[in-house]
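Worksheet for the structure shown next.
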Amino acid sequence: MFRARWYKVFNDLFGNKTRTLLIVLSMSVGLFALGIILSARTILSEGLAESFAAITPSSGTVRTIELFDEDFIQSIRSMKDVQEADARRNISARVQTASGEWKNITIFVVADYDDIRVNKVASQSGPWPPPEREVLIERAALSVIEAQVGDVVLVKFPNDVERKIRIAGTAYDPAQLPAQIDGTPYGYITFDTLNWFGESYGFNELHVLATHPEDKAWAQQVVNRVKDKAEKSGYTIPLSMTAEPGQLPMNDVLQGILLLMGMLGILSLFLSIFLVVNTVSALLTQQQRQIGVMKAVGGSTLQILGMYLVMVLAYGVLALLIAIPFGVVGARGLSNALAGFFNFDIYSMDLPPQTFLIQIAIGLVLPVLASLVPFLSSLRISAAEAMSSYSIGRGRFGKNWIDQLLSGANIWFMRNLSIRSILLSVRNTFRNKGRLTLTLITLTLGSATFISVFNVRDSLSHTVDDMIKWFNCDIMLTFDRTYLADKVEFSALTVPGVTQTDVWIQLPTRLIRSDDSESGMIYMFAPTVHPESLIVSPTIAEGRWLMPDDDNAVVVPSAFLQDEPELHLGGDIVLKLDGKEHTFKIVGTYVGMAILPLVYTNYEYITQITNRIGEADALMVKMERHDPAYVDAATRALEDHFEQIGVRVSMVSTINNERTEAEASFDAIVALLLVMAILLALVGGLGLMGTMSINVLERTREIGVLRAIGAPNRGVASVFILEGIVIGLMSWAMGAVLAIPISQGLNQALGQAVMGVPLSYSYSIQGLWTWLVVVILLSVLASFIPARNASRLTVREVLAYE
Amino acid sequence: MNSSTANPLIELRSVVKVYNSTADSVTALNGIDLQIFPGEFLVVTGKSGSGKTTLVNMVTGLDRSTSGEIWVDSEPLHKFGSERAAKLRGRTMGVVFQSFELLPTLTVLQNVMLPMDFAGRASRSEQRKRAMNLLEQVDIADHAKKLPTALSGGQQQRLSIARAMANNPAILVADEPTGSLDSATANAVVDIFKKLAQEGKTIFLVTHDKDIAKRGSRMITLSDGQIVG
Ligand SMILES: Nc1ncnc2c1ncn2[C@@H]1O[C@H](COP(=O)(O)OP(=O)(O)OP(=O)(O)O)[C@@H](O)[C@H]1O
Ligand SMILES: [Mg+2]
């Protein structure tokens, strides 16, 4: 048998199931969201590091034009500072998709699939190694070529050999950029199959692992030494690059996502803190009278406090029992989805204990602290006051400006409205100012976060627009070598629908640092700069865009200056073109990613210093109409036309495709943001529902009085529903304002992580209205259910209700 | 009992209570001097708003006086904070309210046991026995397992008397215990107080019912916060 007081605690907990459920739910949604975000963050960042370490990632890659053999690999392996090296053949082929479209595909040929030493590729499904005259496709690439395992696809090699080849299975190669992100699928075949395509044996891509791979500068030196050795052995090196130590190709974007999740985690931390505090203080307000009675019959503050602490702890435990398991499931689901998108495996779904600790701290310690506050303040009022009806009316609706404003006489639109209930609700809402403040803070935070998530999504697509905008053309054609600019431009203009053309030249270049080390490959784009150019300035982060009479001016991506500390705006940059070093001046930086560095210089100047005057290897075409179908048809016509006149087109892209691809690379972030938005809507919405329902429950007695004095049931319910809407609208309006700084912060952080500059800020009207609808619906629902329940009770039951 | 020679159990000296609200201040008690002796059945009457409830709050220590002295069982209640007041109340006084103020989530029996639990004096089985005893005294032992809301008004008031008796206090203070009861039920409740007074309890009962007022051993009348007779 327990002491009498514990029966009260127990009966309060389980006697009023609706209230317990509401309190527990309000507390657990916040804890749940927090759990998901914190755990998923850890699972992902650990999974990323582990799965990358598992493939023995290379420190750098060196490509050759001429093929090399095993002896050369051996000689690289025996170099002093090379820990390990391996090689493969890399072939840029074309594949025909089910819809008949030709797409680029990178085919890798590996000598021994069971002994890949660097950048390991693993079997995912089907046979291993790839069977003869069959291909394995990277697991993330099947959707890109619109095919399934077992399908037969047509593949065309650069030597024009076409073969129908069966997809035998899938491989897993996390070292590559996920196919759906850059649109390039990967296939894996054996040398026998290569032979069948009419190609000879030999490698053209070396993967090198330096002795201290974690030291980027050292790794770069080693890769440079390998490159020198290859050059001395007579190989031409078109490309050599050093990887960021221990990072997957999409690391920047993923880090951005993790950062975003961290920030949302902090926001939901605050949200759940407020939810918990709000719920607990609502409960204690409700119990104020009973606390007074217990004092009157001799209960000491400590004894009574003990009872409520146990009660609050019980709510906390129940909330944690819901929040922790659901949080675990949610975190695993989210981690899996993101890992799938970024194409890496998660080896361990082990959850970080600190997540649980934080959840427990918030779920148990915080409610205790939260209940201490009203207790300490209840020490200040006497037991008589706690029980007296005076205290309910006293000091709550008085003479301050809000009350004055709400007295009705001042609200112009209410003067002619005889809807008394509106007034009554608004007054009710403001009666308990402390609680109202807490409720509003909680809901405002939820609203602001939801709207911010939409804003970030909008800002992302805005940023893509800004990045694409400077291509003032519809089609870009890249040729296999340089041709006379006039010739390609004139013949393009003969194709119907073409209204304007422009050319540029693109050259591989390399940055030479002051210590004579070289950077990885950089693309130099040299567009024409004059008023009719089809290239307009990209979004300039700092400095300026090229001008017609610029000579050695260069514009670099903003992320570039962060990666290369020697460089700065207005300073010099030494670039190696065709083996010769040239000094350029950095006149500006543009908003751009560091994944593929492009630098811009003036066409006239570059063609001069490289002896290519009047030549171009890329053509831009502007069409009459810009819809995808029309542009695609024109693209095929242009390709045919150039084939007839003997100009070989190596790559075609339309702006429509570029945009889709750029957006695709943000897709993961957008998808994640949507998941977060839904999660936050859930938290904010349930919080809203919980808080309001508790508000209504708290006033069940008042409902009885309203009905006792003759208010119809409908009238009673509508008072509370209106009150709910008033609270909802206020939190919506305040959230809309608070969303501005929050989304700016998120844009700043996300943009810095992904591209080195903040995203182009944009406020999402869609998010604003969506949340408005959600808020109104939830407010109605949240206040309707308890209000209806209350108005169904008989008046006697309600008046006896505590 | 010779009330003139014994020490007063409760003594009030020039007690003043002023309520200050934002709008104005109300002097609810204006210089009350009162002595209550052991075994007395004191009835306080007066019209609505005359300060009866305020006086109850002063005597029980449920609220603090603005000035003056309140001595209960030779202890200076006016100097006590709410904690010590609660202790003193738990030991010496049982309070009965007009609107019963029962705890709705505890059974009838548990409501009576709660003050014993807070006082922490008897073992749990003794508490239970004593509580059942008290319920028998007020004739509601049959309803021990019910929740208070299932009782009639008269039964609820008997329960609240039983609860006030829980720690066997020397003093019982009741603020309009019959206010929400019909006259027959009210009389039965007053009978209980009468019986308790005969058993030696000191009773402080507030009422504005003339008939009930006559049943006490002494009567005082309040008007505008002052004793007028
Ligand atoms: N908490 C309070 N705040 C402000 N004024 C109060 C408070 N409690 C009582 N009063 C005022 O003090 C005066 C005395 O009130 P009290 O409740 O003691 O009267 P009462 O004699 O018990 O009346 P009733 O017979 O109606 O119960 C009244 O004028 C009342 O308005
Ligand atoms: Mg009164």
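Just so we're on the same page: letters track the sequence lines, and every chain starts at 1.
- Contacts with chain B were tallied for A:Ser300, A:Ala296, A:Gly298; A:Ala296 has the most, counting heavy-atom pairs under 4.5 Å.
- The environment of CG in B:Asp224 is sparse: at most 12 heavy-atom neighbours from other residues, nucleotides or ligands sit within 6.0 Å.
- Across every non-hydrogen atom of A:Gly299 and B:Ala86, the tightest pair is O-CB, 3.9 Å.
- For B:Thr54, no part sits under 4.5 Å from any heavy atom of chain A, backbone or side chain.
- Contact annotation for B:Arg84: neither backbone nor side-chain heavy atoms come within less than 4.5 Å of a heavy atom of chain A.
- Of the inter-residue distances, the one linking B:Gln110 atom CD with A:Arg5 atom CZ reads 13.5 Å to the nearest 0.5 angstrom.
- Here B:Arg163 is the residue among B:Arg64, B:Arg163, B:Lys87 with the most heavy-atom pairs under 4.5 Å with chain A.
- Here the closest non-hydrogen pair linking A:Ala4 and B:Leu106 is O-CD2, 3.8 Å.
- Taken to the nearest 0.5 Å, the CG atom of A:Asn11 stands 10.5 Å off from the CG atom of B:Leu103.
- Between the side chain of B:Arg89 and the main chain of A:Lys295, a donor-acceptor pair closer than 3.5 Å is present.
- For the atom pair CG of B:Asp117 and NZ of A:Lys8, the computed distance is 13.0 Å after rounding to the nearest 0.5 Å.
- Side-chain atoms of A:Gln303 come within 3.5 Å of backbone N or O of B:Phe118 as a donor-acceptor pair.
- Chosen from B:Asn57, B:Asp63, B:Thr60, the residue pairing most often with chain A at heavy-atom distances under 4.5 Å is B:Asp63.
- Neither the backbone nor the side chain of B:Tyr19 comes within contact range of chain A; no heavy atom of the residue lies under 4.5 Å from a heavy atom of that chain.
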